Amino acid sequence: MGRITRRSLTVAAAGALAATVTAGDALAEGRGDGHRPEFRGMWLATVANRDWPSRPGLPAEQQRAELLGFLDTAVSRRLNAVVFQVRPTADALWPSPYEPWAECLTGVQGKDPGWDPLGTAVREAHRRGLELHAWFNPYRIANHTDPSRLIPTHPARVHPEWVVPYGGKLYYNPGLPEVRRFVQDAMLDAVARYDIDAVHWDDYFYPYPVAGQVFDDDAAYERYGAGFPDRAAWRRNNIDRLVYETAVRVRRRGRRVRFGISPFGVWRNQATDPLGSATTAGVQTYDDLYADTRGWVRRGWLDYVVPQVYWNIGFAAADYAVLVPWWSEAVRGTGVNLYIGEALYKAGDPAQPAPWQDPAELSRHLTFDRGFPQVRGNVYFSAKEVAADRNGAMARVVADHYPYRVRPPR
């Protein structure tokens, strides 16, 4: 597994995107006005109806109206991309031949909602001059451990040997080659069907550690783990293969579809690895999720990376002002675009530390980012907070940093 040859955006593809911008709402080109292209995105989460739909079982027209409302919110905030969660729990927000319709739509897994949310999202986002990045979770099956609650035709019911219960949830086993192939096929079906702008993954690979519990992949390790120094190395190789193989398959589509990942913000602490960040985070993706996020960047497997730097400037264990420079150095010379994931959901939350009560905290993040040319944009978690803007932090970002809309980087 080596470096993948990167593709340049064709003039024709650039022209096609330009044609989607509605009259009177043209995007700035980022030339001659001191404002270069930058990525301004928001995550639109569907798992457990986090952002959308507001509840399961709404009529199709109401679901559609809510979805379009979020796209309009992105435009009003002068954003240029929406990262739409279309495979939240091994199910689909499009008519997939691999997996059932998502429960978050109708309240019943496998029930046809009567419309095509992903197709609508792609079409309507492009009409508004927004990119639509399709967000998939590769391995999570359910937020419970009862397979009988899945519909009988669910792949996890048909192939129970693929499933591992852990931490109150069900997961596909990343150590099985047949699982790795299946989840790729299921996700890339959306790439084949729709004019999405990117395949996007979040931070979940092997699950986050749960005290006192063991992820039972003994049989898979016994069968496939020969030649690795330990189980951790084997697990990392499993995730490396998923990332590399997906990157190759996305690029083989021959279109301008990109591949990006939004990992937990800390690869490794410096005390663990001299190449790590000067942090003391309780989770390290390399060691705990078996995700070598820095390695994927350095090998050029990704088109972009969005580390979730969900901490305030000055936070002792994981300082925003420490992690942004670290990630900037990680992408240097790779051709991988760096966007910073922002914890808008913390702004104005009384349970959060004092810096998050200040509406200017997020704006300070973007001011800080301007000192690092490798940072090409920011992504906000998540759509509900972009719309509600509990303490005015998002409005402050827009006022201070987004005087007009610009194009995403290419």
Side-chain angles (χ1 to χ4, degrees), residues 14 17-45 51-52 66-84 121-133 135 196-198 200 258 260 262 304 306 309 324 337-348 358-373 375-410:
L17 179 64
T20 66
V21 183
T22 55
D25 192 29
L27 304 182
E29 292 289 350
R31 293 192 298 267
D33 55 12
H35 230 78
R36 65 176 183 169
E38 64 180 358
F39 196 85
R40 303 173 181 175
M42 72 177 187
W43 281 288
L44 177 55
D51 292 326
W52 178 88
E66 288 185 357
L67 178 60
L68 299 190
F70 278 120
L71 299 183
D72 290 339
T73 292
V75 172
S76 71
R77 298 295 193 187
R78 303 190 184 117
L79 306 182
N80 55 28
V82 173
V83 184
F84 183 33
V122 171
R123 181 175 63 254
E124 294 294 335
H126 289 171
R127 283 182 59 192
R128 290 162 171 78
L130 297 165
E131 289 192 348
L132 197 290
H133 293 219
W135 166 17
I196 65 173
D197 295 286
H200 180 101
R258 282 156 286 156
S262 176
Y304 68 81
V306 193
V309 188
V324 168
N337 277 339
L338 172 63
Y339 317 137
I340 304 300
E342 301 287 346
L344 177 61
Y345 71 95
K346 290 185 176 181
D358 183 353
E361 174 67 22
L362 278 184
S363 181
R364 282 192 289 268
H365 290 192
L366 272 69
T367 299
F368 181 83
D369 293 349
R370 299 296 183 215
F372 299 89
V375 178
R376 303 298 308 277
N378 304 79
V379 188
Y380 303 93
F381 192 86
S382 62
K384 189 161 57 177
E385 284 77 16
V386 171
D389 198 14
R390 179 166 37 201
N391 72 341
M394 191 69 214
R396 181 69 176 266
V397 164
V398 174
D400 292 350
H401 300 280
Y402 299 162
Y404 39 72
R405 298 181 71 197
V406 298
R407 297 187 184 282
R410 291 297 179 193

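If you're wondering where the values come from, they're calculated on a predicted model, not measured in any experiment. Position 1 is the first residue of the sequence; numbering continues from there.
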> In sequence, state the C-alpha distance, the side-chain angles, and the governing distance for Asp197 and His133, and then conclude on side chain to side chain contact (heavy atoms under 4.5 Å, CB included).
CA-CA 5 Å; Asp197 295 286; His133 293 219; 4.0 Å; yes
> Decide side chain to side chain contact (heavy atoms under 4.5 Å, CB included) for Glu38 and Val375; before the verdict, give the C-alpha distance in whole Å, the side-chain angles of both, and the deciding distance to 0.1 Å.
CA-CA 9 Å; Glu38 64 180 358; Val375 178; over 6 Å; no
> What residues, two or more places apart in sequence or in another chain, satisfy salt bridge (charged side-chain N to carboxylate O under 4.0 Å, His left out) together with Arg78?
none
> Measure the shortest side-chain to side-chain distance between Val406 and Arg40 over non-hydrogen atoms and say whether it is less than 4.5 angstrom.
yes
> What orientation do Tyr304 and Tyr339 show, parallel under 30°, tilted 30 to 60°, or perpendicular over 60°?
tilted
> Can you tell me how far CG of Asp369 sits from CZ of Arg376, rounded to the nearest 0.5 angstrom?
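These two atoms lie 13.0 Å from each other.
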> Can you check side chain to side chain contact (heavy atoms under 4.5 Å, CB included) on Leu366 and Tyr402, steps first, answer last?
CA-CA 10 Å; Leu366 272 69; Tyr402 299 162; 3.6 Å; yes
> Do Glu131 and Arg258 have side-chain heavy atoms sitting under 4.5 Å apart?
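Glu131 reaches Arg258 side chain to side chain.
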> I'd like to check Pro409 versus Phe39 (side-chain heavy atoms, cut-off strictly below 4.5 Å). Are they in contact?
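Side chain of Pro409 against side chain of Phe39, heavy atoms only: contact under 4.5 Å found.
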> Indicate the atoms forming the closest heavy-atom contact of Ala121 with Leu67, along with that distance.
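For Ala121 and Leu67, the tightest heavy-atom pair comes out as CB-CD2, 4.1 Å.
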> Between Ser262 and Trp43, is a side chain to side chain contact (heavy atoms under 4.5 Å, CB included) present by the stated rule, with each step listed?
CA-CA 11 Å; Ser262 176; Trp43 281 288; 3.2 Å; yes
> At what distance, to the nearest 0.5 angstrom, does OH of Tyr380 lie from CD of Glu342?
6.0 Å
> Are any of the side-chain heavy atoms of Val324 and Phe372 separated by less than 4.5 Å?
yes
> Ignoring hydrogens, what is the shortest heavy-atom contact between Asn391 and Gly348? Give both atom names and the distance.
ND2-N, 3.4 Å
> Checking Glu385 now: which residues fulfil salt bridge (charged side-chain N to carboxylate O under 4.0 Å, His left out) with it, not counting sequence neighbours?
Arg50
> Under a 4.5 Å cut-off applied to non-hydrogen side-chain atoms, are Trp52 and Phe84 in contact?
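Yes; the side chains approach each other to less than 4.5 Å.
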> Supply the atom-to-atom distance Glu124 CD to Leu132 CG, rounded to the nearest 0.5 angstrom.
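Answer for the CD-CG pair, Glu124 versus Leu132, is 10.5 Å.
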> First locate atom CE of Met394, then atom CE of Met42, and finally report the distance between them rounded to the nearest 0.5 Å.
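One finds 9.0 Å between CE of Met394 and CE of Met42.
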> If you measure from NZ on Lys384 to CG on Leu344, what distance do you get to the nearest 0.5 Å?
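Between atom NZ of Lys384 and atom CG of Leu344 there are 12.0 Å.
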> How many angstroms lie between CG in Leu79 and CZ in Arg128, if you round to the nearest 0.5 Å?
13.5 Å
> Residues two or more places apart in sequence or in another chain: which of them pass salt bridge (charged side-chain N to carboxylate O under 4.0 Å, His left out) with Arg77?
Asp389
